[in-house]
Amino acid sequence: MSFVKSLAGAALILAFTQGCVVSRANVGEPIQEETLSHIKKGVTPMAEVVSLIGAPDRIVRGNDREIFHYYYYDAKSPGLFLLLINLIHMDVKSDNLYVFFNKSGIAEEVVYGKRTDRTQFRLWPFGE
Amino acid sequence: MASPASPVTMAITAVCLIILCTGCSVRRVVYNTIITTEDVHFIHPGQTTMLTVVGKLGAPDEMTESESGVVALYNWSDTKSAAMDFGALPRLFLPYTPSMTLNKTGIVPEQFLVVFDPEWTVRAYGFSRWPKEHPVIWFWPF
């Protein structure tokens, strides 16, 4: 009897999730926040930053300084493909880390912004 | 006093709603959070520093160098796409699959940029052109 119940339960779950699509996409590797505390302003050299966080995704020059840019993107996208109606919503957010080096190649400033913790699996495409 | 709707009325309403939504496809892609003019009221050129801007708005998505100084760019977008397939309902009854779809997609990339002087103080800032708000469902392509 319990087998029949389990089978019925599974069939019910399958019936209710028909047409559901759940996708997730990432670009790059998440930035390890704990390693950022090891970067000491005015002390940590470029080579140590690279060994701690890895090679930057981009190198920018600004105000005669080298700026290492690391980024990470996270996208969550649920969809509902029914016989008559389709709904798809995708939420994409990015994390960005900038390490500013002075002319001697010593870390001068660290700027980090995390948004991916607010990425949501939200199906309803209406509203804000 | 209004009498409660009969089951027949409710069933007819439900069928009408289903027919109305038949073939409807709604897609939305939201990239990053929107920055509004209220969010940037704290910025005063010549006074506000890069660390204050980053503290309030987060790290920018891009940094580039221009002749006026380093430019920090914050990007976001809200892409709305809707389609109506008028062949969806007949498909349920006909042996072949007719298709007559109208689709419209509005990709609206927006930007907020801040220009810093060599002392990392804000020199100028501004938004990309403000687009008018588009409805989520708007499939008419003409």
Side-chain angles (χ1 to χ4, degrees), chain A residues 23 25 31 36 41 56-100 108-120 122-128, chain B residues 17-34 36 49-51 53-66 69-85 87-89 91-92 101 115-121 133 135-137:
Chain A
S23 317
I31 295 160
L36 302 184
K41 293 174 193 174
D57 299 299
R58 214 181 305 178
I59 298 174
V60 190
R61 280 200 68 82
N63 287 345
D64 285 334
R65 289 168 177 83
E66 295 243 295
I67 307 167
F68 281 11
H69 182 193
Y70 298 84
Y71 54 78
Y72 170 66
Y73 289 82
D74 187 17
K76 292 177 180 174
S77 175
L80 189 62
F81 293 86
L82 299 177
L83 198 58
L84 301 174
I85 302 165
N86 297 334
L87 298 175
I88 306 161
H89 192 264
M90 182 184 257
D91 190 13
V92 188
K93 291 205 167 40
S94 63
D95 294 342
N96 290 282
L97 167 68
Y98 295 90
V99 185
F100 295 71
E108 200 173 53
E109 193 58 73
V110 178
V111 166
Y112 176 59
K114 189 179 179 71
R115 299 192 189 101
T116 53
D117 54 350
R118 301 198 297 272
T119 319
Q120 291 179 317
R122 185 184 146 202
L123 175 65
W124 195 241
F126 307 101
E128 283 306 306
Chain B
L17 272 174
I18 289 171
I19 290 171
L20 201 68
C21 298
T22 296
C24 200
S25 176
V26 181
R27 298 178 169 95
R28 190 165 181 184
V29 179
V30 179
Y31 168 54
N32 277 343
T33 16
I34 294 167
T36 62
T49 62
M50 185 191 69
L51 289 180
V53 174
V54 169
K56 301 256 187 185
L57 301 179
D61 297 287
E62 265 179 73
M63 284 187 106
T64 54
E65 191 169 34
S66 74
V70 173
V71 182
L73 293 161
Y74 292 85
N75 302 319
W76 69 95
S77 70
D78 189 358
T79 300
K80 295 163 184 171
S81 173
M84 178 61 95
D85 182 2
L89 201 60
R91 208 172 289 155
L92 299 176
T101 308
V115 184
F116 296 100
D117 66 15
E119 302 304 314
W120 299 104
T121 305
E133 192 62 33
V136 176
I137 298 183

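All chains are named by letter (A, B, ...) in the order of the sequence lines, taking the proteins before the strands, and each is independently numbered beginning at 1.
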Kindly write out the residues that satisfy salt bridge (Lys or Arg N to Asp or Glu O under 4.0 Å) with A:K114, not counting sequence neighbours, or none if the list is empty.
-> A:E33, A:D95
Would you find a donor on one side and an acceptor on the other, under 3.5 Å apart, between the side chain of A:Y98 and the backbone of B:P60?
-> yes
Most chain B-contacting option - heavy-atom pairs closer than 4.5 Å, from A:D91, A:I67, A:I88, A:L87 | A:I88
Taking A:V60, A:I85, A:D64 one by one, which has the highest count of heavy-atom pairs under 4.5 Å against chain B?
-> A:I85
Salt bridge or not for B:D61 and A:K93, using N-O below 4.0 Å?
-> no
Minimum-distance pair of heavy atoms, taken over all atoms of B:A59 and A:G113 | CB-N, 3.4 Å
Could you tell me which of B:G55, B:G69, B:G58, B:P118 has the largest number of non-hydrogen atom pairs under 4.5 Å with chain A?
-> B:P118
Name the option with the most non-hydrogen atom pairs under 4.5 Å to chain A; the candidates are B:V70, B:L57, B:T79.
-> B:V70
Checking heavy atoms, do the side chain of A:R61, its backbone, both or neither come under 4.5 Å from chain B?
-> both
Interatomic distance, CG@A:L80 vs OG@B:S25, rounded to 0.5 Å, equals 11.0 Å
Quick one: OG on A:S77 to CZ on B:R28, what's the gap to the nearest 0.5 Å?
-> 13.0 Å
State, with a plain yes or no, whether a side-chain heavy atom of [X] is found less than 4.5 Å away from one of [Y].
X	Y	answer
A:F100	B:M63	yes
B:T33	A:R115	yes
B:V29	A:V92	yes
A:H89	B:V30	yes
B:Y31	A:S94	yes
A:E109	B:L51	yes
A:V111	B:M50	yes
B:E62	A:R58	yes

Okay, B:D117 and chain A: the region with an atom under 4.5 Å from a heavy atom over there is backbone
Which region of B:V54, side chain (C-beta onward) or backbone (N, CA, C, O), has a non-hydrogen atom less than 4.5 Å from a non-hydrogen atom of chain A, or is it both or neither?
-> side chain
